[in-house]
Structure formats: C-alpha cells, structure tokens
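Heads up: the structure comes next, in structure tokens.
What you see is a predicted model; the values in this text were computed from it and never measured. Sequence lines set the chain letters: A, B, ... in the order given, protein chains first and strands last, and positions in each chain run from 1.
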Amino acid sequence: MTETVKKAILVFQTDFTFKEGAVASMYGVVKSVDRDLEIITATHEIPQFDTWSASFRLNQYIKFWPEGTVFVSVVDPGVGTHRKASVALTESGYYIVTPDNGSLTHILSTEGIVAIREIDEAVNRLKGMGTEQTSIFHGRDLFSYCGAKLASGKITFEEVGPEYPVETIVTHHIRKPGMSGKKVTGIFEIQDPNFGNVWTNIPLSMFTEAGFKYEDFLNVKIYNKNELVFSEKVLFHKSFGFVEKGEPIIYTNEHMNIGLAVSMGSFSDTYKVGYGNDWKVEVTK
Amino acid sequence: MTETVKKAILVFQTDFTFKEGAVASMYGVVKSVDRDLEIITATHEIPQFDTWSASFRLNQYIKFWPEGTVFVSVVDPGVGTHRKASVALTESGYYIVTPDNGSLTHILSTEGIVAIREIDEAVNRLKGMGTEQTSIFHGRDLFSYCGAKLASGKITFEEVGPEYPVETIVTHHIRKPGMSGKKVTGIFEIQDPNFGNVWTNIPLSMFTEAGFKYEDFLNVKIYNKNELVFSEKVLFHKSFGFVEKGEPIIYTNEHMNIGLAVSMGSFSDTYKVGYGNDWKVEVTK
Amino acid sequence: MTETVKKAILVFQTDFTFKEGAVASMYGVVKSVDRDLEIITATHEIPQFDTWSASFRLNQYIKFWPEGTVFVSVVDPGVGTHRKASVALTESGYYIVTPDNGSLTHILSTEGIVAIREIDEAVNRLKGMGTEQTSIFHGRDLFSYCGAKLASGKITFEEVGPEYPVETIVTHHIRKPGMSGKKVTGIFEIQDPNFGNVWTNIPLSMFTEAGFKYEDFLNVKIYNKNELVFSEKVLFHKSFGFVEKGEPIIYTNEHMNIGLAVSMGSFSDTYKVGYGNDWKVEVTK
C-alpha cells in the first residue's frame, strides 16, 4: 500500500448476475457508507446456490490481492433462515464477509482462518431505508453494509459481532488426491464454464513425484461414481497449443494443479464430464 | 460525502451488454471529460428496447446511492428520431440522464421529479471525434458526454439545455394494486431474470391490512389477460428456505413488495408467467 | 488530465468472461503492484480465441480514451507457445499490452504504431506467488503484471523488453472496400452480437462520393463466398426508427462506417449472415 491510511478495497462475488438491480443496490449501499471506498467486481456469475463454487473461486484469486482486502461473497441459498452471517479473518490478513454455509471451505485449509464473528444485525444491518421487514437480500442489507463499514474503518473486526469457534465453520467434504505406487488419483474439483477446461485437485508436485514429465503420454481414466466414462492416452504438456485443435491435453493449470482441456475446444462438453466428489480421475504412465 | 468538493459518481445502466465496444467507448468519453470521475456499472443487461424494465430497475436501486449521484440510463429504441434526450432532477437530489421514453415512469411517482431539461446538442454533444455524422449512439455522443460534464461540475443543471414541463414526461401506464374486502389484487410488474422470481406491485402494507401473516397459506390466482394460469394455496413466509426445494412460496421482496418464488428454482420458468399489465394476481386467505 | 502526475488508467479486454476467477486474479495482481491504479473493464466477452474481434474492438473504442491509457488485451489461443508477448506504443500515445497474434491489426493501420517491445519475462513476469511453473495464464502472470508496472511508472516503455521491428507485427489480412463507377463494395467486418447489426468496412465517405443520400432506397447484395444470400432494396437513413419494426435499414454506424440492421430486431439472425473476408457486400442505387 502506498499510504498507510488507505482504506481497504471491497471485492465482490455473488450468484446475482447483472440482469437486475441487486448489484447496483449493494454498490450504492457501499458508497452511501463511504464515498471513498473502492469496489471491484470479482464475479456475479457463480453458479446459482453453488457454495462449493463460491468457495473454490474465492480461493482461486484471493492470494493475488493486497493484505487487508475485504471480500464480500454472497451465494446464499439459506438467506433468512438460521445459517450464520459472518466475517472471517484469514491468517494472511484478508477479511471475508459471507454466509457461513460452505463458502469458506477452501480458504480454511489454504489461507487458514484465525477468527470468525457472526454479524450483529442490531448494529451492522442497514437501517432507515425501509428494508427492515425483508429477509431475502442480506447481500445488500447485511453483507455489503457491514463489509463497507469494516473496509472504511467505521467498525473494527471486533465490532462485527460475537466471535465463535473456527472449528464450527460449515465446510463441504472434498475428497483428497492421492498416490499409490505410480498411480495418481483425484477428483475434478471444478470446471472452467467459459473454456470448458476441467481442473483436478491433483497438485503438479504429485505428478513430479510420480515421475510424470511434459511430453509424456499419460493414461487418463475418468469415473462418474464407479462408471468409467473416459479412458485415453493424453499428452501432458505446458500449454494447449502443443496439440492440434480439438485434441485433449493434460496440463498444469494457473493454480498449480493438473487440468484437462481440449485445444480451442471444451473438454467438459466434448466428454460430458462434471465436477464434485463423484468425478474421479486416475493417471498412470 | 467525506468532502464537499467531491465530484458526483456516474452510474450506468443500458441494454448494450459487454459483448462489443459500446460500453468501453462511453466510459472512455467520461474519462476524457474528467479523469477524476468515478464510473460504476449498474447493469448493461436491461432487456433490449425495454424501457419499462429500465424504469423499474433504476427505481429499484436509486435510493441506496448518495445524493447528487448522476445516473445515465440508455435504453433507447428511438435513438436519432424525435424522442427527447433529457436530464431529470429528482426531489431527492439525483440526476438522471436518459431518453425521455418511459424510462422515468417509476422515478416520477416514487422519487418525484422537480425539473427536466432537454440536452442542447449544440453545446453538450461530443465534438472533434469525427462522430458528428452518426445518429445512432447517443449513449456515447450525448448521454455519457453530457452526464460527465454535469458530474464533473463543468456544466450546471441549468446549462444542460432548455427546461420543459414535468407534466409532459413520457410514462408507461401501470395498473395500480387494489383491495376489495379481503381480496388483494395487482400485477406482476417485473421478473428477476436470474433466479426466476416474479414481483407483484402489491406492497407488504396491503397484505398487512388484509390480515395476511407469515405462515399463512394463501390462495393465489394468476391470470394472463383473462385466462386463469395458476391457482394454488401457497405458503406466505419470510424467505425461500421455509419450503422444500422446488416448492412455490409467496414472500416480501427486497423492495417491500410481494413476490412469488420457487425455492432453489424458477417460478417464471416452472409456471410460465411473464410480467406487465396483462399479468394479474389475486390473493385471498 | 487534471494532474500531470496522474497514473495511467488500465483498460482490460479479454475472452475470459466473468464466469470464473481469472479476471479477479488479474485485477488483484494490478492492485498488488500499485493500490492507486484505476482498472476499467472494457469487455471480457470477446468471442473465444477470436483475435480478429479483439483487434476490431480495441480500435472501436481506443480513441475515446485519454492519451497515455494502458490497454491490456488478452485473446491468446497461442499462450505458452512461441507467439510474442508485447507492448505496442501508438502514435497517439496509447500503450497496448497484448500477445502479438493479430490483435494489433486495426490499430496498426488506424492509430499507427511507433514502436513495439517484447516483454522480458525475466524481469516483467509475476514472481513469488508460486505460479512460475504454469504457462497458461499470461493474462495474469505477464500482461496484467507488466501493464500495471508500466501504468504505475515503475518501469518505462524501454524497460518492457527488447524492441523489434513494427514491420514484423502479426496481422490479419482484411479485404479493402472499393468503388467502381457507382457500385460500392466491401465486407462485413464485424457484427454486434447484442443487437445483431452487421457492420461493413465501407466508410460513409465512400457512400457520399457515390452519391448515396439518406432517404435513398439502395440495392444491397450480400455474398457468402460467391453465393448470393441477400438481394433487396433497403432504405438508407440515419437511424433505426425510420423503418417499421422488423424491417431492414442501411445506416451510418458509430464508427462512421455503413451498417445493416433490422429495426428492433437482429439483421444477423434474420438473414443468417456472418463476418470476415468471405462476406461481401455490394451497394448500388
């Protein structure tokens, strides 16, 4: 940071899209709390209600941001019910304002969370705008408002609300990658909904340990539950352009994990694969 | 505002999408007028040519913004013809730069408009860029340019152009909600194109007056013109999570009006309903 | 610019969409280089791998921006292969950070490029984030990082890397428009994927020279390769509203070139036309 007094940036991710006025309402609330706050759109296109994706995406980009940045993540299928509305502080010094509904799964294991607090609606909910009687837009009335107050320094982290144990944070169960002999296994943890690449949770380091090198042709088997849906020898190389257009390739993604792609095409469409614990991947030489 | 000399924020809504270079051209014009102006995207995904939606959306989020904010709204099917290009000043101190084509309908009745002026093209149209001979992109050449000059203080509201009577502002006719005995009626005024919720124009206060309370099962009838297309008992509750996934619910939306949703699904897709004066809703206990 | 020391704006265009975390990663890198840098989204919806469109779009909006603006354009099907990663300086004083893969085609002939340098990965690639071993996201590791350093003044243009001859810049071949007698010919150079208008590369000046005037009905023939796919008399007028809804019109677009549209409809969908050198247009009176 160039000045120590600089206010934190607010970075937003939701599943709201820009198709209606929800985003503009949230950003207006921020600017009404403090004109000087800078708002950045990470994405408003998380798949609807998909807290697994919300968790993955946040983890994908968080470490590239300056310390102190406040992330507001609102994928909130349980809005207005008993899930907690919270602010987490990571070991690396980021704040995450989010429903505690699985959206913190990845961050908990990668960045680490040092403390989490439940937002006290009595003091940190938007007031005087006639929205007190609605329970379905905490993105505006609670998360944006509280996030803006925190980013602007109007409240401290302690003033968010009561702390509760990090151990009770709601998480998704995600299968771990593994090695047995020279066989590496994992799951498709996410897909790229734009280019159609699919990303395993297998780190490059596990490939290195197994002795897999760029220019190797590797045996890739993909299972949906226990059904084999793909079994091919695939070139492992450093970028898409090393195979012909339309050919599959196995590569190191931007996250230092192993991904599968079709050169100038979509792996997920071509081979009809999804993501989650049911999608297992096995790689041998 | 933290400083009195702070320049107004420019908030944009259009039906241009980000699929081509129109938005980038408009934002460039703003930055060329004044580097210090802050630009916020409200949405560029208003349904094409839909001035009813433009009017509704603006009204949905306007009150959450600081006084003095300049809104540039460009849904402009009549660009280059005889519709007026205007700037309206609301009672609450917002400026709206827009074609006068129905886009001000809601604002006129909710915020109130104290004065409206037609943009004088002779002084407030972009010059020297070789675009004088085109008549199809007032979003760039007229609305963004004039809005930026106004927000930066280079022109006053009076210098926009000649004032004309507020009474002549073009508006859409929108049916009013009503009550007869314990029957509440209204229309679907808009839908949420993302989650598929549909919003009536019936205020929560009318439900309260009719004695409808959360946890009541209410009889909901929906008519398209005069044809009955939906007739079910639906739970009235405060959020989606109070019914099972896939079940309909009647709830209080973020606007303090009554909405219909399907929990983790789309009401508009499931029941094939649209919005506008032809979509009538009747609710009884 | 209001202050001479003001840092350059960074304007982004890519084919990444906002569907995943790539944009948020790039913007985080920028903010980590320099908190004060202003980031503007031009578009992240360039058609995938379409360097022709990338080139066209950049040219569509560049001239509306202040001198010194840094444009980061990443449509990069050859990422991680031997295409050059470069920064171009235009005659008008803009910087363009881009793979040298055809994305500079239009700028070269309209704005002019005075010098181009290949980014030196040894000094201008993101370091210390554990991403050194991936080769597929130069948008983040190279283009955003180098663009941010340039915009913030941390490096000069000379420090980007070694200069190479402007004459070797990779370009698309684009047919030129022409006149013979009173017949004007060109191609559809691009379409508007939102409204469905199609834009020829024929300048208005050529129509003027041919004696074509607003209110004329002109004979328009469209060929796909050599097959005639459209042949109609079409009204030439200044905006869409001068024909009935659903009718075609020939008009002057925002770029001072000739376009074809359907009033409140889509010309490209209605008449099934595309763009590129294979799409020829002939106009006579």
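One distance of note links NZ of Lys19(C) with CZ of Arg57(A); it measures 11.5 Å at 0.5 Å rounding. Here His44(C) contributes atom NE2 and Thr43(A) contributes atom OG1; the two are 10.5 Å apart, rounded to the nearest 0.5 Å. The structure places CZ of Phe64(A) at 10.5 Å from OG of Ser144(C), a figure rounded to the nearest 0.5 Å.
Only the side chain of Arg140(C) comes within contact range of chain A, with at least one heavy atom under 4.5 Å from a heavy atom of that chain. Both the backbone and the side chain of Phe195(A) come within contact range of chain C, with heavy atoms under 4.5 Å apart. Neither the backbone nor the side chain of Ser53(A) comes within less than 4.5 Å of any heavy atom of chain C. No part of Phe71(A) comes within reach of chain C, as not one of its non-hydrogen atoms sits under 4.5 angstrom from that chain. With a threshold of 4.5 angstrom between heavy atoms, Phe18(C) approaches chain A through its backbone and through its side chain.
Between the side chain of Ser239(A) and the backbone N or O of Val79(C) there is at least one donor-acceptor pair closer than 3.5 Å. Listed for the Gln48(C) side chain is a donor-acceptor partner under 3.5 Å among the backbone atoms of Asn194(A).
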Glu20(C) vs Trp199(A), side chain to side chain contact (heavy atoms under 4.5 Å, CB included): CA-CA, chis, key distance, verdict: CA-CA 12 Å; Glu20(C) 44 101 41; Trp199(A) 290 1; 4.1 Å; yes
Test side chain to side chain contact (heavy atoms under 4.5 Å, CB included) applied to Val11(A) and Tyr27(C), step by step: CA-CA 10 Å; Val11(A) 178; Tyr27(C) 290 1; over 6 Å; no
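Taking chain A as the reference chain and counting heavy-atom pairs below 4.5 Å, the highest number among Gly21(C), Gly78(C), Ala22(C) is found for Gly21(C). The most heavy-atom pairs under 4.5 Å with chain A, out of Thr81(C), Ile136(C), Val29(C), Leu126(C), come from Ile136(C).
Between Ser32(C) and Pro66(A), the closest heavy-atom pair is OG-N, 3.5 Å. Considering all non-hydrogen atoms of both residues, Thr131(C) and Glu254(A) come closest at CG2-O, 4.2 Å. Between Lys31(C) and Glu38(A), the shortest heavy-atom contact is NZ-OE2, 2.7 Å.
Contact check for Glu45(A) versus Thr17(C): no side-chain heavy atoms found under the 4.5 Å cut-off. At least one side-chain heavy atom of Thr134(C) sits under 4.5 Å from a side-chain heavy atom of Met256(A).
Annotation for Glu244(A): atom CD does not count as buried by contact number, only 12 or fewer foreign heavy atoms lying within 6.0 Å.
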